[in-house]
Every structure is written in structure tokens, then in C-alpha cells.
Amino acid sequence: MSFMSPAVRFQNVSRRFGSVRAVDGVSLDIEPGEFFALLGPSGSGKTTCLRLIAGFEQPDEGHIEIFGERADGVPPYRRNVNTVFQDYALFPHMTVGENVAYGLMIKGVGRAEREAKAKDALAMVKLAGYEVRRTAQLSGGQRQRVALARALVNGPKVLLLDEPLGALDLKLREQMQEELKTLQTSLGITFVFVTHDQGEALSMANRVAIFNEGKIVQVGTPSSVYERPASRFVADFVGSSNVLPPEFAAAHGGHAMWTSLRPEKIQISSKSNLVPAACAHATGTVTAISYQGAVTRITVATGKQALIAATPAGTDVRKGDSVTLIWPKSAMVAMGEDA
Amino acid sequence: MSSNANRTTPLGLRIAAIAGLLFLHLPLALIFLYAFTTEEKSFEFPPPGLTTKWFETAWTSRPDIWPPLYLSLQVAAIATVLALIFGTLAAAALSRTRFFGRETISLLFVLPIALPGIITGIALRSAFDIMSIPFSVWTIILGHATFCIVVVYNNAVARFRRLNGNLVEASMDLGANAFQTFRHVILPQIGTALLAGGMLAFALSFDEVIVTTFTAGQQTTLPIWMLGELIRPRQRPVTNVVAVFVFVVTLLPILAAYYLTREGEHTGGSSK
């Protein structure tokens with residue numbers, strides 16, 4: 001029965017800071033072995049949720065279970081959970097090796113054994129031979145790896161990562177995304193990470209919980225969250241979307257509800273007579289063109305509603321052109337009435 | 001060119017600076033000089049002759065020096081230990097959380113060193129009287145602890161503010177309880193600040209006169225003994241010998257404290 005319990009379970013958890021409900025009635029199950037993202041804008045409660053799992057915060061209401069065990073009142077140092085901090089929080093007075101071996105030293109593991117384990121952990125994050133370096137000598141990416149090794153060497157059941165890639169530059173970020181993913185798959189540990197970057201959440205996580213104002217507004221796989229946003233907030237926050245008012249959606253073959261239409265689902269055509277039956281269309285004038293490398297985003301004013309279409313680079317349109325926009329009716333996703 | 005011109009200090013200012021230094025340090029030089037004079041009843045300038053016999057006299061035939069010296073060392077040591085404990089705890093508490101009135105409480109901690117010693121002395125004396133605490137070595141120690149705590153607190157609080165709060169959480173996250181976190185993470189970071197604060201506290205306590213006068217019973221600390229010696233002119237240069245000794249005992253920790261805190265700032269800055 002214990003193998004059935006989720007890695008982390010939030011049961012109606014609330015956490016208040018003064019009069020602010022940072023986390024407001026959150027219920028959530030994170031399964032063992034998942035790579036789970038807590039995604040949301042700053043102040044949405046995602047970091048507080050991470051700190052609740054780590055034990056730095058205690059819930060005011062509700063319960064948290066870690067692998068079936070109640071975590072209420074258990075201090076951080078008695079939880080089998082480790083954290084990679086946003087600023088890495090490496091101990092400046094210790095070498096890289098001492099940093100990594102810290103948790104083992106506290107547990108009373110003998111010097112030889114902990115040095116060997118620290119060495120293995122550093123090799124795992126591709127920093128073999130860095131034991132004697134000072135943390136001040138490391139680059140941002142290397143510090144991140146040390147923080148990762150320092151957490152993983154303790155063999156946590158759940159690894160928590162707070163904005164793990166936030167401080168890295170783009171190239172390094174993409175590389176670390178890959179490595180974290182590989183590491184998680186090979187270790188099979190549950191990873192829970194906090195991010196405000198929807199691209200990061202979609203590319204790394206098995207499942208994503210999207211936070212807004214202390215509440216979870218949607219939980220699902222990256223593709224389900226992207227393809228089927230449950231609310232206008234999700235449609236806006238995850239990727240970019242044309243949010244269509246009910247009247248416009250109904251007039252174009254959708255439901256009379258607020259509706260999401262992803263820009264990349266819209267094609268641009270100069271002819272208006274070749275629209276397939278399964279597609280909707282609108283005509284209008286190009287008002288803005290934004291070149292973004294792989295795609296070009298074209299804003300078209302169609303009557304009252306402006307639509308943005310993401311087209312492959314090289315699409316030949318100019319500002320002021322009269323164009324027809326065509327999209328599959330199935331690409332219009334009706335959403336709940338939350339915002 | 002212009003930056004060179006800016007670096008040259010005007011002659012008037014240089015003279016003023018030198019005059020200021022002389023004003024501060026000539027009396028010290030005189031203390032040293034009179035430790036070697038052959039005239040034992042009055043301070044005559046220039047000294048009629050120079051001798052080192054007073055060092056020998058102080059060492060061999062003046063047993064009255066030793067009890068005050070031991071007492072001063074004892075008072076300074078215990079006051080410093082008390083200051084290290086309470087000053088560190090206060091600094092930890094006040095730098096850890098923000099709350100209404102924090103700055104006021106911080107000011108209250110620093111106030112004893114800003115107040116004239118005579119106020120602290122009178123206040124303590126009447127407090128001890130009201131509580132019917134007999135004057136003893138311990139009342140002297142408590143009196144000294146009031147200002148010793150301040151220097152330790154000041155040094156520690158500055159270091160605590162630079163201490164990244166996440167380090168404490170990281171340590172807890174890695175399995176360390178509060179005591180282990182203090183020992184392995186906090187203490188190594190604030191150690192030099194505590195050492196510096198402790199040395200300053202020791203030096204302050206070792207040569208304190210005013211608060212001691214109000215809080216001592218029959219006990220005589222070294223500075224009080226020196227004051228008494230100056231009043232009756234007998235082997236005056238011996239007092240100067242002791243003064244030279246006090247000077248060295250207090251200067252060394254202060255110098256050490258200065259270098260320790262400077263070093264701390266240096267490493268603190270380079271870890272960024």
C-alpha cells in the first residue's frame with residue numbers, strides 16, 4: 001500500500017503571510033519518479049509550495065505527505081528531501097568537495113567514505129577533479145552543478161529545484177535542461193522544480209501545475225496544458241494565444257465562450273476563396289510584422305478583433321496588405337470563465 | 001595631470017594633519033620617556049637622566065602591582081566571555097528578522113557605549129544598591145559587560161547582515177540541526193568578527209576607570225591602582241612602566257582586531 005502513495009501530496013494546503021494567502025487551498029499529487037514543474041508568475045505561490053515540501057514553511061491549514069508520511073511539523077533536517085537553491089547557497093568557507101560532502105559529514109559518515117561519495121557525485125555532474133577548488137573560483141554553471149551534487153549525494157527521495165536555470169545564460173540554460181532531464185531519468189528520483197519560464201516547464205517536465213494567486217489553475221502534461229488551456233490565464237501565460245471573445249468564436253464556428261487560438265495554428269493566404277470546410281477564416285489588414293528568427297509574427301486587424309499569426313520565416317507579406325487568415329475550427333479551444 | 005594635482009595635499013592641510021598627530025601622540029611618547037627617567041618624585045622635563053631600573057623595580061620589589069593586574073585580567077576575561085555570548089545572540093536575533101521597532105532595539109544595544117561612562121556608572125551603582133547587591137568583582141564585571149556587549153554586537157551584526165540567509169536553510173536542508181548549523185556554517189563565517197569584537201572588548205575593559213570606580217567595592221583594578229599611584233609621589237616612574245605595559249596589552253588586541261576585520265571584509269567581498 002505504501003508503494004501506491006504519491007511522492008508528494010498536498011491536501012487542501014494553505015499558507016498565509018500576514019493577511020496574504022500565499023498558498024490558498026492547494027491539493028496536488030506528485031507521483032514517484034515524475035519530473036514535475038510548478039509554473040506561475042512571481043508571487044503566485046509556487047516557491048512557497050516548494051518551501052512547504054522542503055520544510056522551511058509549515059502549512060497553516062491542510063496537510064503535506066511525503067511518500068505517504070505526514071510531514072506536518074517535521075523540520076527540514078529530518079526530511080528525506082534536498083533542495084537546489086536559486087542562488088545555489090554554496091558554503092563560501094568550504095571547498096567544492098567539502099560542500100558536496102557536507103550532508104554526509106552531518107550524518108556522521110566517515111571521511112574516506114564521504115570523500116569517495118562526493119567524488120562520485122561531482123563526476124556525475126561532470127565536475128570530476130574539482131574537489132579542492134574554492135567555490136568563488138567557479139562559474140555560475142559550475143556552481144549550479146556543485147549545488148546539484150551536494151543535494152543528490154544524500155540520496156533524497158525528492159529533489160527540489162528553485163528556479164534552477166534562472167541565473168544562467170541562454171546557451172548554458174539549454175544545455176542544463178538536457179542534462180537535468182537525463183540525470184532525472186537515470187536516477188529515477190522525483191524532481192520538483194519551480195519556474196516562471198513556461199518554455200522551461202514545457203520542455204523539461206512530465207507534468208506541470210500552473211499557479212495563479214496562490215491557487216493551482218491547471219495540472220497536466222505539457223502538451224495538454226498547451227493544447228487545452230483551461231482558462232484565459234493559462235492560455236495567456238503558457239505560450240502566447242489569441243484569446244477570442246465568445247461572440248467572435250461563435251461567429252467563426254466555435255462555441256459562444258472565451259476561446260484560445262494559438263498563433264501557429266493560423267495560416268496566412270492571399271486568396272479568400274480556398275477555405276476547406278473544416279476551417280474558419282477571417283480577412284483583414286496586416287498592421288504589424290515582428291521577425292523572430294524561426295517564425296514571423298504577423299498582427300492582422302479583422303474588424304474589431306486583432307489576430308496574431310505565427311508563420312514560418314520568409315512569408316511574404318507587408319504592412320498594409322489585405323490577407324485572409326485560415327485556421328482549423330478544432331484549433332479553437334473553449335475555456336472556463338475564470339478571468 | 002589634473003588627477004595628479006588633486007592628489008597633492010595643500011601644505012597647510014599637511015601641517016594641520018601633522019600637528020593633530022603630534023597632539024594625539026606626544027603625551028604617549030612622554031609616558032614612555034618618563035618610564036626611563038632617574039627622577040622619581042616629579043615629572044621633570046627634560047629628564048635629568050635615563051635608566052631601566054624601574055622595570056626591574058616593578059618586576060621584583062613592588063608586590064602591590066600584581067593583585068590589581070590579576071583582577072583586571074580576570075574582569076576583562078569574564079566580561080569579554082559574557083559579551084561574546086550575549087552580543088552574538090543579540091546580533092543573531094536582530095539581523096535574522098525584520099520587525100517593528102528593530103532599529104530602536106538595535107540603538108538601545110549600542111547606547112551604553114555612546115553614554116558617558118559616568119552615567120552608566122551611576123545608573124549601575126544605584127541599580128545594585130536598590131537590588132541590595134553587594135559590590136564585588138562581579139559588579140565590576142557586569143559594569144564592564146555593558147559596553148563590552150556593544151563592541152561584540154556591533155562587529156557581529158555587521159557580519160550577520162552579510163551572511164546569506166540561504167546558507168542556514170541550505171545547511172538545515174542537508175540534515176544539520178540548529179546547533180550543527182551554528183558550528184559548521186555560521187561560526188566559521190562570523191568567527192573573525194567575534195575574535196575582533198572580543199579583543200576590542202578585552203582592551204576596553206582592561207583600562208576602564210569610570211564605570212569601575214562606581215561599581216567596585218574594595219577591589220582595585222590596574223587603572224584604579226595607577227590613578228592612586230599618581231596621587232602619592234613615590235617611585236612615579238614605576239607607574240609609567242605599568243602604563244607602558246597596559247599600552248602594549250591593549251594596543252596589540254586592537255591592532256589584531258583591526259587586521260582581522262579588514263581581512264574579513266576582503267574575503268567577504270571576493271566571494272561575491
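First the proteins, then the strands, lettered A, B, ... as listed; each starts at 1.
Heavy-atom distances place both the backbone and the side chain of A:Asn82 under 4.5 Å from chain B. A:Arg79 does not touch chain B: none of its heavy atoms, backbone or side chain, sits under 4.5 Å away. Heavy-atom distances place the backbone of A:Leu90, and not its side chain, under 4.5 Å from chain B. Proximity to chain B (any heavy atom under 4.5 Å) is restricted, for A:Phe56, to the side chain, taken from C-beta onward. Contacts of A:Val81 with chain B are made by backbone atoms alone, with heavy-atom separations under 4.5 Å and no side-chain atom involved.
Considering only heavy atoms from C-beta on, B:Asn177 stays 4.5 Å or farther from A:Pro75 through its side chain.
Crowding of A:Lys126 atom NZ: a count of heavy atoms from other residues, nucleotides or ligands under 6.0 Å not exceeding 12. Crowding of A:Tyr77 atom OH: a count of heavy atoms from other residues, nucleotides or ligands under 6.0 Å exceeding 12. By the 6.0 Å contact criterion, OH on B:Tyr70 is open, its count of non-hydrogen atoms from other residues, nucleotides or ligands being 12 or less. Under a cut-off of 6.0 angstrom, the local environment of CD in A:Glu61 is crowded, with over 12 non-hydrogen atoms contributed by other residues, nucleotides or ligands. Heavy-atom neighbours of B:Arg161 CZ from other residues, nucleotides or ligands within 6.0 Å: above the threshold of 12. The local environment of CZ in A:Arg16 is crowded, with over 12 non-hydrogen atoms from other residues, nucleotides or ligands closer than 6.0 Å.
In terms of heavy-atom pairs under 4.5 Å with chain B, the best-connected choice from A:Gln86, A:His93, A:Gln137 is A:His93. When A:Pro156, A:Ala147, A:Pro76 are compared by the number of non-hydrogen pairs under 4.5 Å with chain B, A:Pro76 comes out ahead. Ranked by heavy-atom pairs shorter than 4.5 Å toward chain B, the options A:Asn80, A:Asp87, A:Thr135 are led by A:Asp87. If you tally non-hydrogen atom pairs under 4.5 Å between each of A:Arg134, A:Met105, A:Met94 and chain B, the highest count goes to A:Met105. Chain B forms the most heavy-atom pairs under 4.5 Å with one residue out of A:Lys107, A:Arg78, A:Arg150, and that residue is A:Arg150. The greatest number of non-hydrogen atom pairs below 4.5 Å with chain A, out of B:Glu169, B:His184, B:Gln189, B:Met172, is found for B:Glu169.
Contact record, B:Ala170 with A:Phe85: CA-CE1, 3.4 Å, taken as the closest heavy-atom pair. In this structure, A:Tyr102 and B:Ala176 approach most closely via the heavy-atom pair OH-CB, 3.7 Å.
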Output, in order, the C-alpha distance, side-chain angles, deciding distance and verdict of side-chain contact (heavy atoms from CB on, under 4.5 Å) for A:Ile106 and B:Leu174.
CA-CA 8 Å; A:Ile106 292 294; B:Leu174 293 164; 5.9 Å; no
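Without hydrogens or angle criteria, B:Asn166 side chain to A:Ala89 main chain gives no donor-acceptor distance under 3.5 Å.
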